[in-house]
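What follows is a short report on a single structure.
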Amino acid sequence: MLESTRDKAMAGEKVRIGIMGGTFDPIHYGHLAAAHAAMEQLDLDEIMFLPAGTPAFKRDREITDGETRFEMCCAAVDNVPEFSVNVMEVMRPGVTYTADTLRQLSRSKHPSLEYVFIMGADSASTLLRWNDQEALRTMASYAVVTRSTQQIPTETLKELRAAGFKVETIETQTPLISSTEIRRRVMVGEDISRLVPPEVERIIVARSLYLGLDDPENPLSDAFFEARKADLKERVNEHRYQHSLGVADTAARLAEIYGANVRKARLAGILHDWDKGYDDKGIRQRADELGMTVDPQVYYALPRVLHAHTAPVAIKRLFPQVPEDVLTAMDRHTVAAENMLDLDMVVYIADALEPGRSFERADAMREKIGVVSLEELFFDVYEYWIMHMMERKMQLHPNTVGIWNYYVRRIRQREKEN
Ligand code: ATP
Ligand code: MG
């Protein structure tokens, strides 16, 4: 409760707290618009968002865990002092009944405090079927809001009032958004930036929510990862296999720290050396069989980098559903490239710094994880690698000078800006 609200209640003044209940899977601009309209029209002192635990009416689909839905709510209301999020329902085991929540809230309630339960028309039409009508009727009043141009159903209002519920309406035009639509869009890769606050979108992306990860065909699912891990064990020797496990782990950790997609990083990590089991002759043949045209300089003089280029082509044939950026990160893990994406850098760094690697500067570089920017860390590793190859008089890939100059220019530019 806000301090001002508490003071008001203590002084015996009437205080109204709005409760915005819902699954919030995820919270979106429709919910926020409804809450803002309620604040203004119902003369509320504050609004408490109350993400449901396991809701009685939504047991037909897999609901995101309560902690994550709670966090998304917190992120969404963070900049509005009158809005808060209540953790009560997500902490409670078993099916959530609003009546239990109201009872719990009322236990320490100041007599001059009134709870107004804000609900969309769709929820309001089910209110008469909720558990423990007596408690629902006496411990709160209700306010009904509709999505966009939908009408508040007068029938529902009549029925509720006839049953003894105190019901107000909120006249507003909230955006026609639903969590269902957001989940659908995420699943098919459509934009949601106009439907949820950026902080919420960030959580959705970072945790790979709504991507259908319980489907083993989904390349970002645990099942797909485990299956490819088992395949890899048959394709490379034990040492290389352990290295790949280390890269997958390290890439996931780097992605978490630097805000890249953790599951994509993990997948690119486990797959990056998919073709490392071939010898020089074998990998050239592999490139031929895959119908690839390779720069003759690379084909003849640098067969050791070919595995990075053949693997994504081979994987795409076997599993066309693997995302393009995962394939790109695999492709760039050896030679790198100009303009590397975050995921590319994550995998490149992980390849060098996974726990199985031991070289003199490895620990010093590991200590920089999360301390310096991703690009800085990447260039550190890149520099080390190039120097190392030069010291050992190894041939460099023809793109190396271009890549080197590209990042040096970027460093200089940044120095100038600061
Ligand atoms: P889902 O599509 O999963 O049912 P939802 O968008 O309806 O999600 P809920 O968490 O079910 O969101 O909704 C919480 C409350 O907010 C409900 O009372 C619902 O009617 C209301 N609500 C949801 N979206 C809007 C909106 N765009 N405008 C007004 N009220 C809304
Ligand atoms: Mg709903």
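We count ligands from 1, going down the list as the structure has it; atoms in each ligand are counted the same way. FYI, side chains are in, hydrogens and waters are out, and symmetry mates aren't considered; it's all heavy atoms of this structure.
Using a 4.0 Å cut-off between a side-chain N of Lys or Arg and a carboxylate O of Asp or Glu, Glu199 and Arg202 do not qualify as a salt bridge.
Taking each of Arg184, His31, Arg69 in turn, the one with a heavy atom nearest to atom 23 (C) of ligand 1 proves to be His31.
For ligand 1, the atoms closer than 4.0 angstrom to any heavy atom of Phe24 are 10 (O). Residue contact check: Ser178 has heavy atoms under 4.0 Å from atoms 2 (O), 6 (O) of ligand 1. Here is the list of ligand 1 atoms found below 4.0 Å of a heavy atom in Gly21: 14 (C), 15 (C). Taking a cut-off of under 4.0 Å to the non-hydrogen atoms of Met119, the atoms of ligand 1 that pass are 18 (O). Numbered from 1 in the order shown, with element, the atoms of ligand 1 that lie under 4.0 Å from a heavy atom of Gly22 read 10 (O), 14 (C). Remark: ligand 1 atoms within the under-4.0 Å shell around heavy atoms of Asp122 are 19 (C), 20 (O).
At a heavy-atom cutoff of 4.0 Å, ligand 1 is contacted by the side chain of Met20 but not by its backbone. Contacts between Ala124 and ligand 1, counted as non-hydrogen atom pairs separated by less than 4.0 Å, are absent for every part of the residue. With a heavy-atom cut-off of 4.0 Å, Thr180 touches ligand 1 through backbone and side chain alike.
Considering backbone and side-chain atoms alike, Asp25 places every N or O at 3.5 Å or more from each N or O of ligand 1. Inclusion of Val145 in the set of residues having an N or O under 3.5 Å from an N or O of ligand 1 is not warranted. Checked against a 3.5 angstrom limit, the closest N/O atoms of Thr146 and ligand 1 fall outside it. At under 3.5 Å, not a single nitrogen or oxygen of Ala34, backbone or side chain, sits near a nitrogen or oxygen of ligand 1. Remark: ligand 1 and Leu176 share no N or O pair separated by less than 3.5 Å (distance only, no angle test). Here's the thing with Ile118: none of its N/O atoms is less than 3.5 angstrom from an N/O atom of ligand 1.
Checked against the 6.0 Å centroid criterion, the rings of Phe24 and His31 qualify as a close aromatic pair.
Every ring-ring contact (aromatic ring centres under 6.0 Å, His included) that Phe378 has, sequence neighbours left out, goes to Tyr348, Tyr382, Tyr407.
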**Request:** Determine, stepwise, if the pair Arg357 / Leu353 fulfils side-chain contact (heavy atoms from CB on, under 4.5 Å).
**Result:** CA-CA 6 Å; Arg357 297 271 200 198; Leu353 299 187; over 6 Å; no

**Message:** Set out, in order, the CA-CA distance, both residues' side-chain angles and the distance that settles side-chain contact (heavy atoms from CB on, under 4.5 Å) for Tyr299 and Asp288, then state yes or no.
**Reply:** CA-CA 10 Å; Tyr299 188 88; Asp288 295 340; 2.8 Å; yes

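When only modelled atom types and interatomic distance are considered, Tyr241 and Asp273 share no side-chain donor-acceptor pair under 3.5 Å. With 3.5 Å as the limit, one finds a donor-acceptor pair spanning the side chains of Arg183 and Thr180. A donor and an acceptor atom, one from each side chain of Thr64 and Arg207, are nowhere located under 3.5 Å apart.
Judged by the 6.0 Å and 45° rule, Arg228 forms a cation-pi pair with Phe224.
The stretch residues 257-271 participates, sequence neighbours left out, in these side-chain hydrogen bond (donor to acceptor under 3.5 Å, both in side chains) pairs: Asp222-Arg263, Asp222-Arg266, Lys264-Asp325.
Heavy atoms of Arg183 come nearer than 4.0 angstrom to ligand 1 in at least one pair.
One finds the NE2 atom of His243 at 13.5 Å from the CD atom of Glu238 (value rounded to the nearest 0.5 Å).
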